[in-house]
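In what follows, a structure is listed as structure tokens, so that the remarks can point back to it.
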Amino acid sequence: MIEELDFETYLNISNNSLRIYVLNKKNMSNLYYKEFNFINDEKDLDMDIVSKFLENNIFEIEKLIGNFIKNINIIIENKKIFSLNLGIKKKNYETKIDKKILEITLTEAKDLLKENYQEYRVMHMIVNNFIINGSNYPKLIDNLECDNLCLDLKFILVPNKLAFEIEKVLENYQIKITRYLNERYLKNFFRESGLELPQMAYKIHTGHNENEVTLAQKNTKKLGFFERFFQLFS
């Protein structure tokens, strides 16, 4: 039996293909991989195809690992996914930038997005640029004196309706979604790296992009909005 903590399961969904991976986290190799390609002339993905694909693979995976799949990560590419850039400015009343001012600024940006895009959920929240006292910084520098903090943010959003449809299919197998990841973002970030898609996803999920903010799960207890601040203060 393979312990649950030793592997991650990824379901890759696009309009014309489905792929499922079980990644061994110890050696970053695939324990299981299946792919199904199909012709889809419709704008929306047929969830019956997704359900049938899962039916053909979930039992095989659980037999292989000797354990039930309880959680899965969704890597998705779909025309309804879109990116949005947002700039936000905050006056800093302290001498230097600290975690508190960064948290306040990021939370305000997240709330502003949520207010204006209620039919979407955030897959990725990334700081493209820090503008501190008028100067640009691709990364945050510790102990930098700052009067005004501006963040150039990028959000990648998935429609709630699409996410709900995927979740309903997975409920039939008692599987919950850990996180949604955007396939295009992964491939662009790891361009020419030679990594396979589940390896890319695992690295992003575990903080490889220092400028990405990881959102806490809804059922996370005793944590604020963010699980961590992209290793900026580690």
Side-chain angles (χ1 to χ4, degrees), residues 12-15 43 73-92 97-142 144 146-164 166 177-193 195 197 200-201 203-218 224-234:
N12 179 208
I13 300 175
S14 70
N15 275 344
K43 186 176 180 180
N73 299 280
I74 304 298
I75 306 170
I76 186 168
E77 186 56 51
N78 188 279
K79 292 180 180 179
K80 295 181 179 180
I81 292 171
F82 75 98
S83 299
L84 176 72
N85 292 321
L86 175 68
I88 190 164
K89 182 176 181 180
K90 190 75 176 177
K91 183 169 180 61
N92 184 25
I97 296 176
D98 60 11
K99 186 175 180 179
K100 181 179 179 181
I101 184 65
L102 186 59
E103 180 178 4
I104 291 172
T105 308
L106 289 168
T107 303
E108 286 184 0
K110 171 259 176 184
D111 290 342
L112 180 63
L113 183 90
K114 184 177 179 181
E115 180 181 346
N116 290 279
Y117 292 89
Q118 297 180 13
E119 296 180 357
Y120 293 83
R121 66 181 68 178
V122 178
M123 290 196 293
H124 302 280
M125 180 179 180
I126 305 151
V127 183
N128 284 331
N129 197 23
F130 298 87
I131 306 170
I132 301 171
N133 295 336
S135 298
N136 295 326
Y137 298 88
K139 305 288 183 183
L140 186 62
I141 300 174
D142 288 342
L144 191 65
C146 170
D147 296 321
N148 293 288
L149 171 65
C150 297
L151 299 180
D152 176 17
L153 298 165
K154 179 179 181 179
F155 291 89
I156 303 177
L157 309 174
V158 60
N160 286 328
K161 182 177 183 296
L162 178 58
F164 178 75
I166 296 171
I177 296 173
T178 301
R179 183 179 177 184
Y180 290 91
L181 302 107
N182 180 232
E183 180 180 343
R184 182 176 300 179
Y185 163 60
L186 297 179
K187 289 182 175 179
N188 285 339
F189 187 83
F190 291 103
R191 188 184 298 113
E192 299 179 0
S193 67
L195 295 174
L197 195 58
M200 298 177 189
K203 284 181 174 292
I204 287 295
H205 190 57
T206 53
H208 192 80
N209 184 356
E210 295 179 352
N211 277 20
E212 180 168 357
V213 181
T214 299
L215 309 182
Q217 298 299 315
K218 291 181 180 179
F225 174 71
F226 302 109
E227 289 178 322
R228 59 176 176 77
F229 285 102
F230 36 83
Q231 303 177 346
L232 292 175
F233 296 94
S234 59

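In this text, all values refer to a predicted model and were calculated from it rather than measured experimentally. Quick note: residue numbers are just sequence positions, from 1.
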N211 side chain vs V127 backbone, donor-acceptor pair below 3.5 Å:
yes
In Å, rounded to the nearest 0.5 Å, how long is the span from CD1 of I131 to OH of Y137?
11.5 Å
Measuring from atom OG1 of T105 to atom CG of L149, what distance do you get when rounded to the nearest 0.5 angstrom?
5.0 Å
Hey, can you tell me if F189 and H208 have their rings parallel, tilted or perpendicular (30° and 60° cut-offs)?
perpendicular
Distance-only polar pair, side chains of N160 and R121, donor-acceptor under 3.5 Å:
yes
Within-4.5 Å side-chain heavy-atom neighbours: I76 and L181
no
If you round to the nearest 0.5 Å, how far is NE2 of H205 from OG1 of T178?
6.0 Å
Can you list the steps and then say if I204 with E212 is a side chain to side chain contact (heavy atoms under 4.5 Å, CB included)?
CA-CA 8 Å; I204 287 295; E212 180 168 357; 3.5 Å; yes
What's the shortest heavy-atom distance between V158 and M123, and which atoms?
CG1-CG, 3.7 Å
Quick check: do N78 and I13 have side-chain heavy atoms less than 4.5 Å from each other?
no
Interatomic distance, CD@E210 vs CD1@I126, rounded to 0.5 Å, equals 13.5 Å
Which atom of A201 lies closest to which atom of I75, heavy atoms considered
CB-CD1, 3.7 Å
Write down the atom of L106, the atom of L153, and the distance for their closest heavy-atom approach.
CD2-CD2, 3.9 Å
E77 (side chain) donor-acceptor with S14 (main chain) under 3.5 angstrom:
no
Side chain to side chain contact (heavy atoms under 4.5 Å, CB included) between K187 and L197: does it pass, once the steps are laid out?
CA-CA 8 Å; K187 289 182 175 179; L197 195 58; 4.3 Å; yes
The reported gap from NZ in K154 to CG in L84 (rounded to nearest 0.5 angstrom) is 10.5 Å
Can you label the angle between the F82 ring and the Y117 ring as parallel, tilted or perpendicular, going by 30° and 60°?
tilted
State, to 0.1 Å, how close C150 and K89 come at their nearest heavy-atom pair, and which atoms those are.
SG-CG, 3.3 Å
Kindly indicate whether the side chain of Y185, heavy atoms from C-beta on, has any atom under 4.5 Å from the side chain of N209.
yes
Could you tell me the separation between the CD atom of E183 and the CG atom of N12, rounded to the nearest 0.5 Å?
4.5 Å
Side chain proximity check, L113 to Y120, heavy atoms < 4.5 angstrom:
no
List the atom of S83, the atom of I156, and the distance in Å for their closest heavy-atom pair.
OG-CG1, 3.8 Å
For F190 against M200, the heavy-atom pair lying closest together
CE1-O, 3.4 Å
Do the side chain of N85 and the main chain of D152 share a donor and acceptor less than 3.5 angstrom apart?
no
Report yes if some heavy atom in the side chain of F130 is under 4.5 Å from a heavy atom in the side chain of L151; otherwise report no.
yes
Is there side-chain contact between E108 and I88, with heavy atoms separated by less than 4.5 Å?
yes
Measure from the side-chain N and O atoms of H124 to the backbone N and O of N182, and report whether any donor-acceptor pair falls under 3.5 Å.
yes
